[in-house]
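Below is one structure, written out as structure tokens, with a few remarks after it.
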Amino acid sequence: MAPRHQAPRGTRDLLPADTRLWRWAEARALQVLERYGFGELRSPMFEEYELFARTAGESSDVVQKEMYRFQDLGERDLALRPEFTAGVMRAYLEHGLGGRARVHRLWSMGPVFRYGRPQKGRYRQFSQINAELVGSAAPGADVEVISLFVDLYEAWGFRDLTVLINSVGQPASRRAYGERLRELLAPFAERLSEDSRRRLEQNPLRVLDTKSEGDLAVLAELRESGAGLPRMIDLLDTDDRAHWDQVLAGLEAAGVAVEIDHGLVRGLDYYTRTAFEVHDRSLGAQSALGGGGRYDGLIEMLGGPPTPGVGFAIGLDRALLVLEERGTAPPLADTVCVVAMDSTRAAAQALVRRLRREFPVEADVEARAFGAQMKAAGKSGARLLVIVGEDEWKQGVVALKDSRTGTQQSVAVDRLADTLRGLLSGQETQGGA
Ligand code: HAM
């Protein structure tokens, strides 16, 4: 019989075989974030619609076509968060964090929602790891954030990642750049996609972010023409240019490989100065594994005092798709299986419960015969077998079999936990290390 319900389009269930990798990746990420001195901020999954509309930019795809906007029963205009940054900054202001310390390092993790067309690596509910360094305008802050960004991927086993980087300047220099692009692209308007024609009107920089083949051909033609495509970094003012140079020098000093990408613009409008992304070609069209940048005007936009900030978000679904394809599998924790006889079943129950305070323990729940339990233990791949025999139990001992070495020993029940600890120590537990 076909099931009556399916997960909504663009959402996925992660089954235990999937969540094992997720938990491992999350635990590794958490270690790196803590080493960088970041603290966790948890904000609500929905906020006032206006918060996102104001910060992401009215002309951005996120606001124009991807928002899960709804009215609650009190007729409030709300939206599921399409990203973390706006909510984190709202919380930063609401709790007066700026008055408590000059610089804050904040991370968040969890689901975000965008109503896009689902495809490989693109979902309507997906997860991000988000990090923000709020309160410093120094190039060193950009360098630290980009180093953290790269170190997170490296903790998952990614090697030789190239971070694409650009400067998107300030609203004024960006406007001048946009005007220049609009003039250059106007003669080609007929050949551009509908999306790009709209962007040409509302936010010409975003044309550079197009995925349409026809648009890309126009851009390539323009790049190779005599005039060429103008570069944003050539229109930066002196301070922005100095910031850019220092960020590049800092990244080099830190040993972070970057590649300048003059076409990198990002999909959200709040960025100033540094913008960066990392891609993995194996994902096809949805190749961005993560991205971020500086947003020095964002907090003011929300009614706060001028406060610079820089941060990023990593798309966990995409990063983990790549890891899965590469066969990355977190090590399975060694488990203990307790096998009892009919006569020792009750005693074994208390033993199992005690051992589970410390070790992963499997035990029969169906009062199966000894032979069936031994068979199940062999199948489950448990490393250590604790056999609670009747005579042994009366003498205060159990048999302990190590399937890795094939050895068996008799262990006093009150020494059992110490012995197991000794045998299992030094290994990574599931989701840990
Ligand atoms: P974003 O580039 O919009 O940045 O999203 C970051 C990452 O989320 C993307 O690189 C991608 O891996 C993942 N992502 C985006 N949309 C989807 C989707 N539909 N399905 C699966 N994964 C997706 C931001 O969200 C900014 N808030 C980052 C930031 C933080 N900038 C400063 N601070």
Side-chain angles (χ1 to χ4, degrees), residues 9-12 14 25 33 38 41 43 47 51-52 55-57 60-63 65-68 80-90 92 104-134 141-142 144-146 148-149 152-153 156 158 161 163-166 168 206 209 211 264-280 282-299 301 307-323:
R9 189 165 143 75
T11 70
R12 312 185 286 160
L14 298 174
L33 288 159
F38 277 63
L41 188 147
S43 59
E47 301 263 2
L51 172 72
F52 300 122
T55 53
S60 65
D61 282 355
V62 166
V63 173
K65 35 186 195 187
E66 296 181 349
M67 201 81 95
Y68 274 93
L80 297 183
R81 65 182 175 208
E83 59 129 22
F84 278 98
T85 312
V88 171
M89 296 311 138
R90 195 256 323 126
Y92 173 93
H104 287 265
R105 292 174 169 80
L106 306 165
W107 70 269
S108 307
M109 182 168 2
V112 287
F113 307 85
R114 294 184 193 174
Y115 187 82
R117 196 167 50 77
Q119 53 184 290
K120 182 182 177 189
R122 181 164 169 178
Y123 310 102
R124 290 180 175 171
Q125 175 179 327
F126 57 100
S127 284
Q128 286 186 341
I129 294 183
N130 190 81
E132 313 287 0
L133 194 159
V134 193
D142 307 47
E144 178 167 296
V145 162
I146 297 173
L148 166 62
F149 183 62
L152 283 166
Y153 292 105
W156 294 330
F158 283 84
L161 278 181
V163 180
L164 303 177
I165 189 167
N166 196 14
V168 295
R206 304 268 305 119
D209 203 29
K211 305 275 181 311
L264 179 73
V265 289
R266 309 278 301 127
L268 299 152
D269 280 357
Y270 49 61
Y271 292 105
T272 53
R273 297 188 165 174
T274 316
F276 56 91
E277 278 178 1
V278 43
H279 290 253
D280 188 292
S282 73
L283 284 171
Q286 303 303 318
S287 66
L289 290 184
R294 187 164 267 293
Y295 44 82
D296 293 344
L298 181 56
I299 291 188
M301 212 187 283
T307 312
V310 54
F312 62 79
I314 290 177
L316 263 170
D317 305 71
R318 290 188 192 169
L320 295 192
L321 263 181
V322 174
L323 289 182

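Numbering of ligands and ligand atoms starts at 1, following listing order.
- Here the protein heavy atom with the shortest distance to atom 12 (O) of ligand 1 is Ala288 O, 2.8 Å.
- Here the shortest heavy-atom distance to atom 26 (C) of ligand 1, taken over Tyr123, Tyr270, Phe84, belongs to Tyr270.
- Asp317 places no side-chain N or O within donor-acceptor distance of the main-chain N or O of Arg122, the cut-off being under 3.5 Å.
- Among protein heavy atoms, atom 29 (C) of ligand 1 sits closest to Tyr271 OH, 3.3 Å.
- Scanning the protein heavy atoms around atom 24 (C) of ligand 1, the nearest turns out to be Leu268 CD1, 3.6 Å.
- In terms of protein heavy atoms, atom 22 (N) of ligand 1 is closest to Phe126 CD1, 3.3 Å.
- Residue contact check for ligand 1: Gly121 places a non-hydrogen atom closer than 4.0 Å to it.
- The single protein non-hydrogen atom nearest to atom 4 (O) of ligand 1 is Arg266 NH2, 3.0 Å, given as residue, atom name and distance.
- Using modelled atom types, one side-chain atom of Arg124 and one backbone atom of Gly116 make a donor-acceptor pair closer than 3.5 Å.
- Not a single heavy atom of Gly267 lies less than 4.0 angstrom from ligand 1.
- There is no side-chain donor-acceptor pair under 3.5 Å between Thr85 and Tyr295.
- Ion pairing between a basic and an acidic side chain is recognised when a charged N comes within 4.0 Å of a carboxylate O; Arg318 and Asp280 show no such pairing.
- Ranking the protein heavy atoms by distance from atom 6 (C) of ligand 1 puts Gln128 NE2, 3.4 Å first.
- Under the salt bridge (Lys or Arg N to Asp or Glu O under 4.0 Å) criterion, Asp61 pairs with Arg198, Arg199, Arg206, sequence neighbours left out.
- Ligand 1 has Asn130 within reach: a non-hydrogen atom of the residue lies less than 4.0 Å from it.
- Looking from atom 13 (C) of ligand 1 to the surrounding protein, the closest heavy atom is Gly315 CA, 3.6 Å.
- Of the candidates Asp142, Thr272, Thr274, Asp142 is the only one forming a side-chain hydrogen bond (donor to acceptor under 3.5 Å, both in side chains) with Arg294.
- Contact of the Leu148 side chain with the Leu133 side chain is not registered, since no non-hydrogen atoms from C-beta on lie closer than 4.5 Å.
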